[in-house]
Number of protein chains: 2
Amino acid sequence: MPTPPRTSRQDIVAAARRILESDGLEQLTMQRVATEVGVRAPSLYKHVRDRGDLIRLVGNDTALELADRLDDATAGILEPGLAITALARAHRAFTQSHPQSYRLLFADLPAGWRIDADANARAADALFWAVEGLVGQDHALEAARTVVAWAHGFATMELAGAFRLGGDVDSAFDFGVATLTAAIADRHTTA
Amino acid sequence: MPTPPRTSRQDIVAAARRILESDGLEQLTMQRVATEVGVRAPSLYKHVRDRGDLIRLVGNDTALELADRLDDATAGILEPGLAITALARAHRAFTQSHPQSYRLLFADLPAGWRIDADANARAADALFWAVEGLVGQDHALEAARTVVAWAHGFATMELAGAFRLGGDVDSAFDFGVATLTAAIADRHTTA
DNA sequence: ACCTGAACACCGTTCAAGT
DNA sequence: ACCTGAACACCGTTCAAGT
C-alpha cells in the first residue's frame, strides 16, 4: 500500500547543512538529521545511500553556493585586478559565514563521498577569466592556482585559529591580495 | 600491589601516529591503538585523558617533526630567497609523506584538543627570519603570513586532489614560489 | 599501580513487519 | 512506497574487581 513520503532528499540535505554549521561534522549523525526532519533514522536510507552520501550532497550544495557568491562578487567588474580582489574578499566572507561547510570541501572523504567535480569547477571558473586577463594565457593556470592556494590557505588558517602571533589579520589579508595581484600582473609584463 | 606498566604514553602515541597515517583519523580508535600496543582499550585511559587528548599528542609530535624538517632544509642557506624556496619545498615534501598527520594540524578540534601553541610556533619560526631578510621588519609578519598561507593552501588542495584541471602541478608550485619571493622582495624596495 | 571484563550510552546500518 | 522497531556490530568511556 503506497504511502506519501514524510520527508524528502532536499529536506534532509537542508537539515544536514544546518546541523553541520551549528554543531560540526561529528554531530551530523543520522539520528540528529532524522529527528530534525521528523522521521526515524532508518527512514533516511530511502532517500540517501548512507551517511557518506549525505555528506557528499551537503558538500555539493556548499560548492554551488560558493560559486554563486563568487559570481555575484564580480558582477559588473571589468578590471582583472579589481575582480581578483573582489573574489578574494567574497571567498573570505563565505568561509567566515560557513566555516564548517567550507572545511568540508577540502576534507579527505573516502572514495565515493567526494564532492562532484562539476560543483568545484564552477567555483573555480569565476577566478580564471580574471587571472587570465591579468597574466595572459601562458601562465593562467599556474597563476590561478597560486591565487586559489593562497586564498584557501589563508581562510583555513584563519578558521583554525593559526594566526596566533598577534598583528592584524585583516591587514595580512590586504597585504596578500595586493602582493599577489601585483606579482601576477608583473609576470605578464616580464614573461 | 604495584604492577609494571605494560605500555607507555610514548608507545601509545607512536602507535596512534602509525594508524593515523596508514588508515586515517576515523580508524584511529582506542581499540585499534590498544590492540597495537598489546593492552585492552580501558587501559589507555591510564596514559592519556581520552581520545581527544591522544589526537592532540599526535598533532604535537607532528608539528615538532615538521619544525625539524624545516630547520634541516635551511641549514647553511644564507640568501633569504633561496631559504624561502627551500622551506616551501621541505614543507611540501612533508605534507606528501605525512598527509594525514599534516591535515590534523589544521583540523578544527574541540577546545582542549588543540595542538600546543609552542609546537606550531616552532614550525613558523624558521620562516620568519627568511621572510624578514627579504621584506624588512615593517611587513615581515604580513609577508610571512602570505607565504605560509600559500604553502598551506597549495598543500591541502594537492592532498585533497583539488587540482583537477590538468596542467602540471609541479610547475604551478614552482610558479608560486617564484612569484611570491619576487613579489615580497619587491615590496621591500618599494615600501 | 596498572590492567581487565562488564556495563552504559551512543553510533551506522539492515531488515522484516507494518500501513 | 515509505516508515518503523528490533537487532547487530561497532564506538568511547567508566568502574569495580583482579593482580
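Below, chain A is the first sequence line, B the second, and so on; all start at residue 1. Scope of the values below: all heavy atoms of this structure, side chains included, with no hydrogens, waters or symmetry mates.
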Measure from CZ on A:Arg9 to P on D:dC2 and round the result to the nearest Å.
13 Å
Roughly, in whole Å, what's the span from CZ in A:Arg40 to C1' in C:dT19?
16 Å
What pattern of brackets, bars and dots sums up DNA chain D from 5' to 3', given Watson-Crick or G-U wobble pairs under 3.5 Å, [ ] for crossing pairs and | for another strand?
||.|||||...|||||.||
Below the 4.0 Å mark, does D:dT4 have OP1 or OP2 next to a side-chain nitrogen or oxygen of A:Arg6?
yes
Single-linkage hydrophobic cluster, 4.5 Å side-chain cutoff, B:Leu180 and A:Leu141 together:
no
B:Ser43 side chain N/O closer than 4.0 Å to the phosphate oxygens (OP1, OP2) of C:dT4?
yes
Look at all strands and tell whether B:Thr7 reaches a base, only sugar-phosphate, or nothing, counting heavy atoms closer than 4.0 Å.
sugar-phosphate
Inspect the contact between B:Asp125 and B:Arg122 and indicate whether a charged nitrogen and a carboxylate oxygen are less than 4.0 angstrom apart.
no
Can you name the residues that form a salt bridge (Lys or Arg N to Asp or Glu O under 4.0 Å) with B:Arg40, not counting sequence neighbours?
none
Measure the acute angle between the ring planes of B:Phe154 and B:Phe173, then classify it against the limits of 30° and 60° as parallel, tilted or perpendicular.
perpendicular
d(NE2, A:His47; C1', D:dC2) in whole Å
7 Å
Can you give one letter per nucleotide of nucleotides 11-17 of chain D, going 5' to 3': B for a protein heavy atom under 4.0 Å from the base, S for sugar-phosphate only, - for none?
SBBBB--
I want to check something: taking the side chain as every heavy atom from C-beta on, are B:Arg145 and B:Glu142 in contact at a cut-off of under 4.5 Å?
no
Check: residues 25-33 of chain B side-chain donor-acceptor pairs under 3.5 Å, at least two apart:
residue, atom, partner, partner atom, Å
B:Thr29, OG1, B:Arg32, N, 3.1
B:Arg32, NH1, B:Asp23, OD2, 3.3
B:Arg32, NH2, B:Asp23, OD2, 3.0

Name all residues meeting the ring pair (Phe, Tyr, Trp, His ring centres under 6.0 Å) criterion together with B:Phe106; count only those two or more places apart in sequence or in a different chain, and write none if there are none.
B:Tyr102, B:His152
Please name all residues satisfying side chain to side chain donor-acceptor pair (under 3.5 Å) with B:Glu158, sequence neighbours left out, ordered by chain then number.
B:Arg92, B:Gln96
